[in-house]
Enquirer: 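Here you go, one structure.
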Amino acid sequence: MKEDLQKVAEIISNSKSMIAFTGAGISVESGIPPFRGPDGLWSRCDPKCLDLDYFHLNPKDSWLAIKSIFYDFFGEAKYNGAHKVLANFEEKGLLKAVVTQNIDNLHQEAGSKTVYEFHGNSQKLVCLQCGKNYVPSEVNLDELPPKCVNDKKILKPDFVFFGEGIPETAYRKSLQAARNADVVLVIGTTGEVMPAATIPTEAKRNGAVVIEINTEESNYTESITDFFLQGKASEILMEIDELIS
Ligand code: NAD
């Protein structure tokens, strides 16, 4: 492991177009569990509440679950060392972009500037009628579903529901960054959610070195990973950051 960390630090230092691809695991140390597993978000929320058709038919019911998870619970979370190291890498010119599957806004809060949000962002609400955007703090979530001040139509969190497409710009820019990348850091993701899961594979196909950080093996480990660093995202990334500085 020590030797791998040293080698990975060298690869990162010499990279020209590195990207990071992150999943729910990078936010676990911020107190946000992944969807799956015994303490996962699915144990708190019925997945149907995040289905677009169900949301349209039962907005109040969906919003009750959405509020309790994504605003009452996520709202307390703060970025951790892993988010911060990625923001530092970008500031030092070592990282071109973060492609994230997460919707928690923690990369931006840690200081990352170029973040492609594959699944949108919970910290934005949008009117389904006129498209007006809101931040959650401007909206009264005591009365559900929340409504637009302009036309009194329902607001939806601006993250991707089941049955919705990937935001077009984020998809295109993520693919472009993956195809240009010489290194991809794959952090805290099982690689099971499509089409997001194709981003590291696309980078590998174009010659990128794949460095994976995860507490457990993922779909990538045996197939495309060049360096598997097993452990918590913040601990491993902070060690690499120290070796680089
Ligand atoms: P996942 O739930 O499928 O997998 C999480 C991965 O993180 C696992 O491989 C696990 O081994 C790893 N992990 C757990 N703790 C870790 C740690 N401390 N350090 C490093 N790795 C750790 O997550 P996914 O692959 O991202 O897919 C689930 C989908 O759920 C995503 O599309 C995402 O949009 C969404 N989601 C987002 C959030 C969030 O915004 N924080 C939270 C839950 C789910």
Side-chain angles (χ1 to χ4, degrees), residues 1 20-47 49-51 65-66 68-86 98-110 112 115-124 136 157-167 170-171 174 184-201 210-225 227-240:
M1 179 83 157
F21 176 69
T22 65
I26 197 169
S27 297
V28 165
E29 291 161 80
S30 293
I32 302 178
F35 271 139
R36 301 174 185 81
D39 297 319
L41 292 177
W42 291 143
S43 65
R44 297 165 174 258
C45 165
D46 187 334
C49 293
L50 300 182
D51 179 280
I66 289 167
S68 83
I69 293 180
F70 297 100
Y71 299 103
D72 298 344
F73 178 56
F74 268 39
E76 301 290 311
K78 301 275 174 290
Y79 64 82
N80 65 53
H83 298 102
K84 193 66 204 165
V85 169
L86 293 185
V98 175
V99 177
T100 190
Q101 299 166 87
N102 295 344
I103 58 172
D104 55 27
N105 205 43
L106 295 182
H107 285 298
Q108 291 90 331
E109 287 173 30
S112 285
V115 182
Y116 301 138
E117 295 176 312
F118 221 86
H119 295 147
N121 191 322
S122 61
Q123 296 309 303
K124 197 167 117 192
D158 202 19
F159 58 76
V160 175
F161 278 38
F162 297 116
E164 254 187 315
I166 305 302
Y171 198 171
S174 301
V184 56
L185 297 174
V186 179
I187 306 166
T189 180
T190 52
E192 282 177 16
V193 180
M194 293 298 268
T198 59
I199 293 297
T201 315
V210 179
I211 298 165
E212 186 182 3
I213 301 171
N214 200 314
T215 47
E216 288 166 36
E217 292 196 357
S218 74
N219 284 356
Y220 302 114
T221 317
E222 290 297 319
S223 55
I224 60 164
T225 296
F227 293 90
F228 180 63
L229 304 174
Q230 185 158 24
K232 291 183 178 174
S234 70
E235 290 173 9
I236 304 258
L237 277 168
M238 288 197 287
E239 276 189 65
I240 295 172

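What you see is a predicted model, and the numbers here were worked out from it, not measured in a lab. Numbering of ligands and ligand atoms starts at 1, following listing order. Hydrogens, waters and symmetry mates are skipped; everything else that's a heavy atom, side chains included, is used.
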Enquirer: Would you say Glu117 and Ile103 make side-chain contact, with heavy atoms under 4.5 Å?
Expert: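 Glu117 does not reach Ile103 side chain to side chain.
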Enquirer: For atom 16 (C) of ligand 1, what's the nearest protein heavy-atom neighbour? Residue, atom name and distance, please.
Expert: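 For atom 16 (C) of ligand 1, the nearest protein heavy atom is Gly25 O, 3.5 Å.
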Enquirer: Is Thr189 touching ligand 1 with its side chain, its backbone, both, or neither, if touching means heavy atoms under 4.0 Å apart?
Expert: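 Both backbone and side chain.
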Enquirer: Enter the distance from Phe162:CZ to Asp51:CG here, rounded to the nearest 0.5 Å.
Expert: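 Rounded to the nearest 0.5 Å, the CZ-CG separation comes out at 8.0 Å.
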Enquirer: Tell me if a side-chain donor or acceptor on Asn102 pairs with a main-chain N or O of Ala24 at a distance below 3.5 Å.
Expert: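 Yes: the side chain of Asn102 pairs with the backbone of Ala24.
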Enquirer: Identify the protein heavy atom lying closest to atom 12 (C) of ligand 1, giving its residue, its atom name and the separation to 0.1 Å.
Expert: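 Of every protein heavy atom, Asn214 OD1, 3.1 Å lies nearest to atom 12 (C) of ligand 1.
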Enquirer: In the protein, which heavy atom is nearest to atom 33 (C) of ligand 1, and how far is it?
Expert: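 So the nearest neighbour among protein heavy atoms is Gln101 O, 3.1 Å.
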Enquirer: Suppose we measure from atom 3 (O) of ligand 1 to each protein heavy atom; which comes out shortest, and what is that distance?
Expert: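 The closest heavy atom on the protein side is Arg36 NH1, 2.3 Å.
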Enquirer: Is it the case that ligand 1 has an N or O less than 3.5 angstrom from some N or O of Glu192?
Expert: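 The answer is no, given that Glu192 and ligand 1 share no N or O pair closer than 3.5 Å.
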Enquirer: I'd like the name of whichever of Gly23, Ala82, Gly188 reaches closest to atom 5 (C) of ligand 1 through any heavy atom.
Expert: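 Nearest heavy atom to atom 5 (C) of ligand 1 lies in Gly188.
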Enquirer: Which atoms of ligand 1 are found less than 4.0 Å from any heavy atom of Val28?
Expert: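 Every atom of ligand 1 under 4.0 Å from some heavy atom of Val28: 14 (C), 15 (N).
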Enquirer: Does the side chain of Leu237 reach to within under 4.5 Å of the side chain of Ile187, using non-hydrogen atoms?
Expert: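 Side chain of Leu237 against side chain of Ile187, heavy atoms only: contact under 4.5 Å found.
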Enquirer: Within the structure, does Val193 bring an N/O atom to less than 3.5 angstrom of an N/O atom in ligand 1?
Expert: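 No, since none of the N or O atoms of Val193 sits under 3.5 Å from an N or O of ligand 1.
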Enquirer: State which residue, out of Asn214, Thr201, Val210, fulfils the side chain to side chain contact (heavy atoms under 4.5 Å, CB included) condition with Tyr220.
Expert: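 That would be Thr201.
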Enquirer: At a non-hydrogen distance cut-off of under 4.0 Å, which region of Glu29 contacts ligand 1 (side chain, backbone, both, or neither)?
Expert: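 It is the side chain that touches ligand 1; the backbone stays farther off.
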Enquirer: Once rounded to the nearest 0.5 Å, what's the spacing between atom CD1 of Ile26 and atom NZ of Lys232?
Expert: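 That separation rounds to 14.0 Å.
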Enquirer: Quick one: look at Thr190 and ligand 1, take heavy-atom pairs under 4.0 Å, and tell me if it's side chain, backbone, both or neither.
Expert: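 Both of them.
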Enquirer: Run through Ser30, Ser234, Ser27 and flag the one making a side chain to side chain donor-acceptor pair (under 3.5 Å) with Asn80.
Expert: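 With Asn80 as partner, side chain to side chain donor-acceptor pair (under 3.5 Å) holds for just one option, Ser30.
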Enquirer: Note the single closest protein heavy atom to atom 29 (C) of ligand 1, along with its residue, its atom name and the distance in Å.
Expert: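 The protein heavy atom lying closest is Phe35 CD1, 3.8 Å.
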Enquirer: Evaluate Ile103 for polar contact with ligand 1, using N/O atom pairs at a separation under 3.5 Å.
Expert: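 Min N/O separation from ligand 1 is below 3.5 Å for Ile103.
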Enquirer: Looking at Asn102, which atoms of ligand 1 are within less than 4.0 Å of one of its heavy atoms?
Expert: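 In order of numbering, the contacting atoms are 37 (C), 38 (C), 39 (C), 40 (O), 41 (N).
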Enquirer: What residue and atom, counting heavy atoms only, is the protein's closest point to atom 13 (N) of ligand 1, and at what distance?
Expert: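 Nearest protein contact, heavy atoms only, for atom 13 (N) of ligand 1 is Thr215 OG1, 3.4 Å.
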Enquirer: Would you mind reporting whether Pro167 and Tyr116 have side-chain heavy atoms less than 4.5 Å apart?
Expert: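 Side chain of Tyr116 against side chain of Pro167, heavy atoms only: no contact under 4.5 Å found.
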Enquirer: Below 30° counts as parallel, above 60° as perpendicular, anything between as tilted: where do the rings of Phe70 and Phe159 land?
Expert: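 Taking Phe159 first and then Phe70, their aromatic rings sit tilted (interplane angle of 30° to 60°).
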Enquirer: Quick check for you: to the nearest 0.5 Å, what is the distance between Tyr79 atom OH and His107 atom NE2?
Expert: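 Rounded to the nearest 0.5 Å, the OH-NE2 separation comes to 13.5 Å.
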Enquirer: Between Glu217 and Glu222, does a side-chain contact (heavy atoms from CB on, under 4.5 Å) hold up when you go through it step by step?
Expert: CA-CA 8 Å; Glu217 292 196 357; Glu222 290 297 319; 3.8 Å; yes
Enquirer: So which bit of His119 gets within less than 4.0 Å of ligand 1, heavy atoms only: side chain, backbone, both or neither?
Expert: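 The side chain, only.
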Enquirer: Main chain of Gly191, side chain of Asn219: is a donor-acceptor contact present, judged purely on distance under 3.5 Å?
Expert: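 Answer holds: yes.
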Enquirer: Among all protein heavy atoms in this structure, tell me which lies nearest to atom 41 (N) of ligand 1, with the distance rounded to 0.1 Å.
Expert: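 Nearest protein contact, heavy atoms only, for atom 41 (N) of ligand 1 is Asp104 OD2, 2.7 Å.
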Enquirer: Where the closest heavy atom to atom 42 (C) of ligand 1 is concerned, which of Ala233, Ser218, Ser27, Pro33 has it?
Expert: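 Looking at heavy atoms only, the winner is Pro33.
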Enquirer: What protein heavy atom sits nearest atom 2 (O) of ligand 1, and how far off is it?
Expert: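 Result: Pro34 CB, 3.0 Å.
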